[in-house]
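All values reported here derive from a predicted model rather than from experimental measurement.
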Amino acid sequence: MSTWSFWKQALERAVKTFAQVLLAAATATAGLGLEDVGWPEALSVAGLAALASLLTSIVSLPAGEGDSPSLVSVGDVNSRA
């Protein structure tokens, strides 16, 4: 958790989660235009999801491979059962 690699990967996941949830929240509550979106609520929900993503990366560290925020090891991704 103390390496830049871990934080770079974890922050990338959090930013992607933020963007995905913001898009989902904005389109779920919007009418036809940008003025119809409840931006404070959408940003709040997206921020909470990004925080959850970051915390998930931190608690996944002991179970994952090396200094990665993932629970999946690199070897598992390419292997077939």
Could you list the cluster mates of Val45? Members are the ILVMFWY residues connected by side-chain heavy atoms closer than 4.5 Å, either directly or through other members. Val21
Spatial distance of atom CH2 (Trp7) from atom OG (Ser57) [nearest 0.5 Å]: 8.5 Å
Quick note, salt bridge (Lys or Arg N to Asp or Glu O under 4.0 Å) partners involving residues 14-24, not counting sequence neighbours, are Glu12-Lys16
Main chain of Ala52, side chain of Thr56: is a donor-acceptor contact present, judged purely on distance under 3.5 Å? yes
Would you kindly confirm whether Trp4 and Val15 end up in one hydrophobic cluster when ILVMFWY residues are joined by side chain heavy atoms under 4.5 Å apart? no
What distance separates Thr17 OG1 from Leu11 CG, expressed to the nearest 0.5 Å? 11.0 Å
Where Pro69 and Ala10 come nearest, the two heavy atoms and their spacing: CG-N, 3.9 Å
Who else is in Val59's hydrophobic cluster (ILVMFWY, side-chain heavy atoms under 4.5 Å, direct or via others)? none
Between CG of Leu48 and CG of Leu43, what distance do you get to the nearest 0.5 Å? 12.5 Å
List the atom of Ala50, the atom of Phe18, and the distance in Å for their closest heavy-atom pair. CB-CB, 4.0 Å
Taking atom OG of Ser60 and atom CG of Leu55, what is their separation to the nearest 0.5 Å? 10.5 Å
